[in-house]
Amino acid sequence: MSNTVDAEQVLADEYEHTPVPQHARHPLFSMVMVWAGFPMIITGAMTGSILVLGMGFTRAVTAMVIGNLIMLGYVAALGHLGARSGENFALIASRVFGHKGYVAASGLLSTLLLGWYAVQTGITGALISGTYGLDYVVMTIAAGILYIAVTFIGVKGLHWIGMVSVPLFVVLGLFVAFHAASTTTFDAIVSYAGNNGTATMAMGVGLTVVLALFIDAGTVTADFNRWAQTPKQSFIATFSAFPVANLVAMLVGGLMTAALAVPNANPFGTDNMFGYMNGLQIGWLSALAFAFLYINLGSVCSHCLYNAATGWSRILGSKMRLMTVVLGVIGIAVAATNVWAFFIQWLSLLGILVPPIGTIILVDQYLTRGAAGVERAFRPAPFVAWAIGSAFAFVVEFYMPGLSTALSSGIVAAIAYLVVGRITVRSAQPA
């Protein structure tokens, strides 16, 4: 009997198809652990390194700060919708895109998040394989199975892995940052101009890199924030991620890169905090780094898989835990193909396709229709605006490379939705 009760407490209802009732909501500390454990990851540190290599230290830090503040506003506003209604992203999107049309938005985001799970799982296997000489495929499969197990528990699993991952990153991240900084001077770090003394990345591109890193999960933030007891707690939890956790991770990587000033550094090889710890050739630190990598990237992977499973379970009328296993196996198979090598291209794609979905929902829920119920199976206005925003971002990508595709697509889509929505309303009125 006690075993049954314990299992029910651990594997609680995930409310895939209904709002989370108030009695099932989680306390603030749990929400903070869920959110802080998401972006405070080695991949964030790698991204910080990429920005510093391409922009120089001071310009990169500027992009990090601005991008994270934009993410705070974007994610907090979408998270508020989830905390207020208790609904996940798919349920909210059904009000905006239609109770059948939402499948396009939710299905795309859930699939992209599955791809993100595959990318991060592949990075885990690649770093372990490259550092310790172990088989890439075996290490990737081991990582994927571990991450499926955490996700299977549900949102409580995200809380538990965050409780381990966050303090580990804080301690090890600060150690790496300060140890690397001790090898040079403060002035040398601040004046670092980029890889081989050349800044090649425009501010707009840097902002896209910052935004795109979590724009997909940030858009489906209601999957997490629906568990918050109040909208205020939802905001605090979001703040713990953007700017706090995400900025800390990026600064660790950026500071290390500027301090070491390695020519032609490769953040996806050994020029990252994981490689730095192993490079010190301290036995216990190398062993800790091994465990840390699996736990840390396990945090982001389980979050992404949770989002993907929640979205597809709603679309297919299934259960989150069943979809976790099915999608997790698919993600492992994709990860084994070295998909992580397309990291930058992946961020570019996310910056073009994803922001319009979020900004259209924000305009719809805050400025136009509010909490109106599902009116139609398919609402064309948001799809037209989505297409316009993404098309404009493609133009920016190829003809205005100094601008941010993520900001461009989101802003243009929001404006387009306002305009198309008004035209639709007027045309529907009797003459």
Side-chain angles (χ1 to χ4, degrees), residues 39-74 123 169-170 173-215 218 241-276 300 343-348 350-351 355 396-397 400-408:
M40 192 177 284
I41 54 173
I42 291 176
T43 316
M46 291 176 175
T47 303
S49 294
I50 291 170
L51 291 168
V52 168
L53 286 169
M55 305 178 73
F57 185 76
T58 55
R59 292 179 68 247
V61 171
T62 300
M64 293 176 198
V65 172
I66 295 174
N68 272 281
L69 290 177
I70 293 172
M71 283 295 290
L72 171 63
Y74 178 80
I123 290 176
F169 189 98
V170 170
L174 290 177
F175 166 76
V176 168
F178 282 106
H179 194 279
S182 69
T183 64
T184 185
T185 64
F186 176 78
D187 290 340
I189 293 173
V190 173
S191 61
Y192 179 77
N195 189 32
N196 297 321
T198 304
T200 58
M201 186 181 293
M203 180 60 70
V205 177
L207 286 175
T208 294
V209 171
V210 175
L211 297 175
L213 187 62
F214 282 97
I215 195 68
F242 311 105
V244 178
N246 199 35
L247 186 56
V248 167
M250 290 182 175
L251 286 174
V252 166
L255 182 62
M256 184 197 74
T257 297
L260 300 178
V262 177
N264 301 313
N266 178 17
F268 293 97
T270 58
D271 302 313
N272 51 59
M273 63 178 291
F274 177 71
Y276 187 86
V300 65
F343 181 79
I344 297 299
Q345 295 90 330
W346 185 261
L347 294 184
S348 177
L350 295 180
V396 169
E397 177 81 4
M400 293 176 279
L403 299 180
S404 169
T405 55
L407 284 177
S408 301

Taking the side chain as everything from C-beta on, heavy atoms only, tell me whether [X] gets closer than 4.5 Å to [Y].
| X | Y | value |
| --- | --- | --- |
| Phe268 | Ile123 | yes |
| Val252 | Phe175 | no |
| Phe242 | Val210 | no |
| Leu213 | Met71 | no |
| Met40 | Val170 | yes |

Rounded to the nearest 0.5 Å, how far does [atom2] of [Y] lie from [atom1] of [X]?
| X | Y | atom1 | atom2 | value |
| --- | --- | --- | --- | --- |
| Ser404 | Ile66 | OG | CD1 | 11.0 Å |
| Leu251 | Met256 | CG | CE | 12.5 Å |
| His179 | Leu174 | NE2 | CG | 14.0 Å |
| Leu207 | Leu51 | CG | CG | 9.0 Å |
| Phe214 | Leu350 | CZ | CG | 11.5 Å |
| Ile41 | Thr47 | CD1 | OG1 | 7.5 Å |

Minimal non-hydrogen separation, [X] against [Y], with atom names:
| X | Y | result |
| --- | --- | --- |
| Met201 | Gly206 | SD-CA, 3.8 Å |
| Gly254 | Val52 | CA-CG2, 3.4 Å |
| Ala177 | Leu255 | CB-CD2, 3.6 Å |
| Arg59 | Ala199 | NH1-CB, 4.2 Å |
| Met273 | Ala45 | SD-CB, 4.2 Å |
| Asn246 | Pro39 | OD1-CB, 3.6 Å |

Can you check whether [Y]'s main-chain N or O pairs, donor with acceptor, with [X]'s side chain at less than 3.5 Å?
| X | Y | answer |
| --- | --- | --- |
| Thr208 | Gly204 | yes |
| Ser49 | Gly253 | yes |
| Asn272 | Pro267 | yes |
| Thr183 | Ala180 | yes |

| query | Step by step, would you call Thr257 with Val262 a side-chain contact (heavy atoms from CB on, under 4.5 Å)? | reply | CA-CA 7 Å; Thr257 297; Val262 177; over 6 Å; no
| Of all residues at least two apart in sequence or in a different chain, which pass the side chain to side chain contact (heavy atoms under 4.5 Å, CB included) check with Val244? |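 Val244: side chain to side chain contact (heavy atoms under 4.5 Å, CB included) contacts with Phe239.
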| query | Asp271 and Met46: side-chain contact (heavy atoms from CB on, under 4.5 Å), yes or no, with the steps? | reply | CA-CA 9 Å; Asp271 302 313; Met46 291 176 175; over 6 Å; no
| said: side-chain contact (heavy atoms from CB on, under 4.5 Å), that's the test. Do Val65 and Val61 meet it? Break it down for me. | reply: CA-CA 6 Å; Val65 172; Val61 171; 4.3 Å; yes
| task | Go through the steps for Thr270 and Asn266 under the test side-chain contact (heavy atoms from CB on, under 4.5 Å), then give the verdict. | result | CA-CA 7 Å; Thr270 58; Asn266 178 17; over 6 Å; no
